[in-house]
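When reading the values below, keep in mind they use all heavy atoms of this one structure, side chains included, and skip hydrogens, waters and symmetry mates. Because the structure is predicted, anything quoted here is derived from the model rather than measured.
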Protein chains: 2
Amino acid sequence: MIYNRIKMLRTEKGLSRKDLAEAVGVNFQTIGYLERGDYNASLELAFKLAEFFEVPLDMAFSPRPFKTLAEELAAMKAAE
Amino acid sequence: MIYNRIKMLRTEKGLSRKDLAEAVGVNFQTIGYLERGDYNASLELAFKLAEFFEVPLDMAFSPRPFKTLAEELAAMKAAE
DNA sequence: TCATAATGTTGTATATACACAACAAAAATT
DNA sequence: AATTTTTGTTGTGTATATACAACATTATGA
């Protein structure tokens, strides 16, 4: 299973699943499935989502769990 | 359809499809399908392949056609 | 040249991604 | 509080990713 940050990226933009679904051309329930981890996006959909959010694909999808925002920020600070 | 550089990355390493298939845990014919563009890899397989070749995913897969090596090198030179 | 390995092709079967519908529950808006 | 929007759940149908097998073709190597 591939982890993703779709929900975070979406809510950050104040969008509903329906909004996002329309933007990338899928059914709104498909977004729900991905957010809940019911199944993986196809490569094609993963690229569309990454492009929509303007992030590289592996910033939105990863074979390993993402850090939380807190961990991320702490790691960045530690790396200074 | 998503473009990929699997064949280039594989032959560069002097590997057969069978070798690569075993390394990422799929049937060797699946590699052939991907190389020929018969269908897309799943996100999961795309990540395994990128990791195997030690490149970021979007260096091995792209929604837009890859440049040839010649174009790539010319572009790099022009960017100096 | 002969044998072997690598690749392409066709066909069948299965798992999974996605669409769509109906309805329930929760959250947001008025 | 009532209405509307958003999200979750279940179920069914279809398309596509992958496995596997058999055989043809092409390349490699002894």
**Student:** Atom CZ of A:Arg36 and atom C1' of D:dT10: how far apart are they, to the nearest Å?
**Tutor:**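 Value for this atom pair: 11 Å.
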**Student:** I need the NZ-P distance between A:Lys7 and D:dT6, as an integer number of Å.
**Tutor:** 14 Å
**Student:** If you round to the nearest 0.5 Å, how far is CG of A:Leu49 from CD1 of A:Ile31?
**Tutor:** 5.5 Å
**Student:** In whole angstrom, what separates A:Ile31's CD1 from C:dC18's P?
**Tutor:** 9 Å
**Student:** For B:Glu35 and B:Ile6, work out which heavy atoms get closest and say how close.
**Tutor:** OE2-CG2, 3.8 Å
**Student:** Please round to the nearest 0.5 Å and tell me the distance separating atom CD of B:Glu71 and atom CZ of B:Phe66.
**Tutor:**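 Rounded to the nearest 0.5 Å, the CD-CZ separation comes out at 12.5 Å.
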**Student:** Is there a path of hydrophobic side-chain contacts, each under 4.5 Å between heavy atoms, that joins A:Leu73 and A:Met59?
**Tutor:** no
**Student:** Hey, does the side chain of A:Ser16 come within less than 4.0 Å of D:dT5's phosphate (OP1/OP2), counting only N and O?
**Tutor:**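 No, outside the criterion.
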**Student:** Just verifying a value: how many Å separate B:Arg5 CZ and B:Phe53 CZ, rounded to the nearest 0.5 Å?
**Tutor:**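 Separation between the atoms: 12.5 Å.
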**Student:** Does one hydrophobic cluster hold both B:Phe61 and A:Ile2, with members joined at side-chain heavy-atom distances below 4.5 Å?
**Tutor:** yes
**Student:** I need the CG-C1' distance between B:Asp19 and C:dA5, as an integer number of Å.
**Tutor:** 11 Å
**Student:** Does atom NZ of A:Lys18 have more than 12 heavy-atom neighbours from other groups under 6.0 Å away?
**Tutor:** no
**Student:** I'd like to compare against my own output: the B/S/- annotation of nucleotides 20-30 of chain C with a strict under-4.0 Å heavy-atom distance to protein.
**Tutor:** BBB--------
**Student:** What's the CG-C1' distance between A:Leu15 and D:dT7, to the nearest Å?
**Tutor:**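 Answer to the nearest Å: 15 Å.
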**Student:** Roughly, in whole Å, what's the span from NZ in B:Lys18 to P in C:dT4?
**Tutor:**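 To the nearest whole Å, that distance equals 15 Å.
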**Student:** If you restrict it to nitrogen or oxygen atoms, what contacts under 3.5 Å exist between nucleotides 14-17 of chain D and the protein, and what is each distance?
**Tutor:**
from: D:dA17; atom 1: OP1; to: B:Asn40; atom 2: N; distance (Å): 3.2
from: D:dA17; atom 1: O5'; to: B:Asn40; atom 2: O; distance (Å): 3.2

**Student:** Under 4.5 Å between side-chain heavy atoms, counting indirect links through other Ile/Leu/Val/Met/Phe/Trp/Tyr residues: same cluster for A:Leu15 and A:Val55 or not?
**Tutor:** yes
**Student:** So, does B:Thr11 use its side chain to make a donor-acceptor pair with the main chain of B:Lys7 at under 3.5 Å?
**Tutor:**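 Yes, B:Thr11 side chain to B:Lys7 backbone: donor-acceptor pair under 3.5 Å.
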**Student:** I want to check one thing: is the phosphate of C:dA6, taken as OP1 and OP2, less than 4.0 Å away from some side-chain N or O of B:Arg10?
**Tutor:** no
